[in-house]
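Report on the structure given below.
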Amino acid sequence: GSRGRGGGGKPDLPKWSSITSEHVRPAITAAVEACSAEIDAIEAKLNTSKPSTWEELMDPLERLSENLSRPWGVVSHLKGVRDSEELRAAYDEMQPAVVTASLRIGQSRPVYDAFVALTENAAAWGALTPAQQRAVECEVRDAKLGGVALDGVEKERYNEIAKELSALSTEFSNNVLDATKAFEHLATTKEEVEGLPNSALELAAQTASTRGKHEGATAADGPWMFTLDAPSYMAVRMHAKDRALREKVYRAYLTRASEFAVGMPRADGKGDNAKLIETILALRTEKAQLIGYANFAEVSMAKKMATLVSAEALLEDIRAMARPAAERELGEIKAYAKEQGAPEAAEMMQWDTGFWAERLREAKYELKEEDLRPYFQLPAVIDGMFELAAKLFDIKVVPADGQVEVWHPDVRFFKVLGADGAPRAYFYLDPYTRPAEKRGGAWMDDVVGRSTAMAAPGESVRLPCAHMVCNGTPPVGGKPSLMTHNEVTTLFHEFGHALQHMLTREDSGPVAGINQVDWDAVELPSQFMENWCYDKKVLRTIGKHYETGAALPDDLYEKLVASKNFGSGMRYLRQCHFAMTDLELHARYVPGAAGGVFAVEAKIAEGTAVMPAIAEDRFLCGFGHIFAGGYSAGYYSYLWAEVLSADAFGAFEEAGLEDEAAVKTTGARFADTVLALGGGTPPLEVFKRFRGREPNVEALLRHNGLVVVA
């Protein structure tokens, strides 16, 4: 593919306002049928001749997958932002067919064989760009990991294991859910609920009335019912003065879905996830060995930037620095509890630390999220964010409302112009909450990616387009939409993902933008952007009081920065504990070993815990991230990406945040590497091109107050 620089065209975008749920069934049915016919045709052709160029092999496959992913992407997006019963029914009805069709493409043996033939044809291989070579290598690797290269008995066993693991992961989640539901505690006296904030009391009264059938329960007079759902559990851990209540809830939470859980043992012998964990780990090892890996950790690392060795070394670096900080923090918490005359100060337990840490934080910083809200108006924050991106990456974000259809009148449309004034990308922004039809949180998604294969006739490349969705408070009366600092950080985070999608210079669709960026590197640009939310200049630009126009005052700024690092030793030590346990279980544990997985975890805790665990600690029985989610042998990715993003921001600090010219030069280098190269260059290489060396943990430790700065 020629690297066309000019003549990029605006993509053909969905007609959002005219799409209704009646369109889903016919459109998706047609797409699935066309897709099946097309893969049949491609396979028939591949069986007679092996293509020797990118255009012959990859372009038809890219068009094929777009013909399915684009219409389905429209349906999924609308389900997230304009949900309705009809849409959900249509979505649920069509989903199995879409999954089957995409599996059929991903598991095609003739396609896999053609990829392998291309890698073995020296002349053809040499004609590909390095990015195209990486795209083919990723396809081969993903197919192998998906069992496509297996034959006969091995293939059958692989598929059996995949089915079994899928069922076990569902059973694991259901057990955690059932155990969470099984626990309830009813408080009837005001003494029991002392210290809890009103929001928690309202929730508890509501639970008492709906679940406990205590009609007329109120926040002021009770009764109050507490459960193991996160909002209820966290409120009790952090705010309840009643120590017995804290202990009861803590013990119930840490024994969920285990032999010690409420209502165990069950008559049917089920409900204990300890047994499932053994089976899951044994099957994962067998699956790994079938596809040629020593253990499941190696399978996970095959698609990641880290290796088992580098991931474990990084975790040990963080652990060694976080441990003394965590011990120091625990000492401070105990001293504060003692000062307040708390009897438990002498023998502080696991259920006391959360409560006393929260009291100490309030005493030290007197900073509440709500104090900052008047300074962050959504429109001003968005303008400031665009201004920062313009300065760092030499782009311009220009409103283009009215040029396209949108799914709601509040949705904005923007174009991103390059230094030469020509368009580089487009994006939609859907800013406000609509609880009845829009899911919570904030997210970024792609509408279309940059691609030469998908360029319109006469254009050299199709330009990318993204979705940015958040849930700001809608403006009410004369009051603008105000945000907490946490919401500001989330917005910057999602914009970081969008920038990597939009500012890519890679023209090969399968590796452009965020495509094929390794799982543990994909959070680099997003977390990198979060750093700017603590930069004084940026905060003074975006933080203006909505009534007086006054900039964010220095004392609030200082408190914000100081409170950010409160408890970071314990926080990072805890993350190291989860990540190290996860890797140990997937790399070296032999299922059925004496003491089981709990002995392994206890051994790791010697280095990662500053307080002894309770004897009945069965945290692993509730660790869905690694036994029923996408983080198996990958939990370390959270910390790995934080190291990369902190180190990337460190380059700006070294250049000098006050030096405009240096910030621009460093920003240009970030744009030319991390934001430009997409998945076409291995992420370690991308990072080294930006930073001039391999990632270093120092900046993360410094940003979080875990190193003593001389």
Side-chain angles (χ1 to χ4, degrees), residues 10-44 58-108 110-111 139 142-143 146 148 162-163 166 170 404-408 411 413 426-428 430 434 436-439 443-449 451 453-456 462 464-469 501 509-510 512-515 630:
K10 184 169 117 196
D12 172 26
L13 296 169
K15 308 275 182 281
W16 296 110
S17 43
S18 18
I19 299 170
T20 68
S21 40
E22 284 85 84
H23 297 132
V24 174
R25 211 169 281 111
I28 300 300
T29 305
V32 167
E33 283 169 3
C35 181
S36 304
E38 185 59 21
I39 188 79
D40 285 343
I42 289 174
E43 286 186 342
M58 294 297 277
D59 286 357
L61 289 168
E62 186 182 343
R63 284 193 281 268
L64 166 72
S65 75
E66 282 241 354
N67 290 342
L68 182 63
S69 65
R70 278 210 67 192
W72 186 243
V74 170
V75 179
S76 308
H77 177 67
L78 286 174
K79 188 168 176 288
V81 294
R82 201 179 73 197
D83 200 11
S84 66
E85 295 219 347
E86 302 78 37
L87 182 65
R88 186 175 299 184
Y91 179 94
D92 291 344
E93 186 190 337
M94 297 317 297
Q95 192 181 20
V98 174
V99 171
T100 307
S102 45
L103 277 176
R104 164 93 206 277
I105 303 169
Q107 305 220 317
S108 163
V111 170
E139 294 286 357
D142 295 350
V148 178
K163 276 203 184 104
S166 169
T170 306
V404 293
E405 286 192 21
V406 290
W407 53 90
H408 186 279
V411 177
F413 186 67
Y426 302 85
F427 67 96
Y428 299 91
D430 184 348
R434 298 188 294 277
E437 59 170 21
K438 182 175 170 183
R439 69 182 164 95
W443 69 93
M444 168 268 162
D445 212 346
D446 60 336
V447 186
V448 293
S451 164
M454 304 306 297
R462 176 184 68 188
C465 180
H467 287 306
M468 290 247 321
V469 186
H501 174 68
I514 49 186
N515 291 338

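Because the structure is predicted, anything quoted here is derived from the model rather than measured.
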Between A466 and H501 the two heavy atoms that sit nearest each other are CB-CD2, 3.7 Å
Heavy atoms of E93 and R25 approach each other most closely as OE1-NE, 2.5 Å
Rounded to the nearest 0.5 Å, what separation is found between the OG atom of S21 and the CD atom of E85?
-> 11.0 Å
Sorted by first residue and then second, give each ring pair (Phe, Tyr, Trp, His ring centres under 6.0 Å) pair with at least one member in residues 83-102; sequence neighbours left out.
-> W72-Y91
Under 4.5 Å between any side-chain heavy atoms of R462 and V448, yes or no?
-> yes
What are the two closest heavy atoms between G509 and N515, and how far apart are they?
-> O-ND2, 2.9 Å
Minimum heavy-atom distance L13-V404, with the two atoms named | CD1-CG1, 4.0 Å
Please report the C-alpha distance between V32 and T100 in whole Å, then the side-chain angles of each, then the deciding distance to 0.1 Å, and finally whether the side chain to side chain contact (heavy atoms under 4.5 Å, CB included) criterion is met.
-> CA-CA 9 Å; V32 167; T100 307; over 6 Å; no
Do you see a donor-acceptor pair shorter than 3.5 Å between the side chains of W407 and Y428?
-> no
Would you please test E139 and M58 for side chain to side chain contact (heavy atoms under 4.5 Å, CB included) and show each step?
-> CA-CA 10 Å; E139 294 286 357; M58 294 297 277; 4.2 Å; yes
Check the pair L61, I42 against side chain to side chain contact (heavy atoms under 4.5 Å, CB included), reporting the backbone distance first and the verdict last.
-> CA-CA 8 Å; L61 289 168; I42 289 174; 4.2 Å; yes
When rounded to the nearest 0.5 Å, the distance separating CD1 of I28 from NE2 of H23 is 12.0 Å
With H467, which of F427, F413, W16 fulfils ring pair (Phe, Tyr, Trp, His ring centres under 6.0 Å)?
-> W16
For residues V469 and D445, determine if any side-chain heavy atom of one lies less than 4.5 Å from a side-chain heavy atom of the other.
-> no
Kindly indicate whether the side chain of V75, heavy atoms from C-beta on, has any atom under 4.5 Å from the side chain of K79.
-> no
With rounding to the nearest 0.5 Å, note down the distance linking OG in S65 to CZ in R70.
-> 12.0 Å
Can you find a heavy atom in the side chain of C35 that is under 4.5 Å from one in the side chain of N67?
-> no
With side chains defined as the heavy atoms from C-beta onward, is the minimum distance between M444 and I514 less than 4.5 Å?
-> yes
In short, E405 meets S18 closest at the heavy-atom pair OE1-OG, 3.0 Å
Measure the spacing between CG of D430 and CE of M468 and express it to the nearest 0.5 Å.
-> 10.5 Å
Between atom CG of L87 and atom CG of L78, what is the distance when rounded to the nearest 0.5 Å?
-> 6.5 Å
Between E43 (side chain) and P110 (backbone), is there a donor-acceptor pair under 3.5 Å?
-> no
Do R434 and V81 have side-chain heavy atoms sitting under 4.5 Å apart?
-> yes
Run the salt-bridge test on R104 and D40 with the 4.0 Å N-O cut-off and return the result as yes or no.
-> yes
D83 side chain to R439 backbone, donor-acceptor under 3.5 Å = no
Does a side-chain heavy-atom distance below 4.5 Å link V447 with P14?
-> yes
Close side-chain approach of M454 and E62, heavy atoms under 4.5 Å = yes
Would you indicate whether R63, at its atom CZ, is surrounded by more than 12 heavy atoms from other residues, nucleotides or ligands within a distance under 6.0 Å?
-> yes
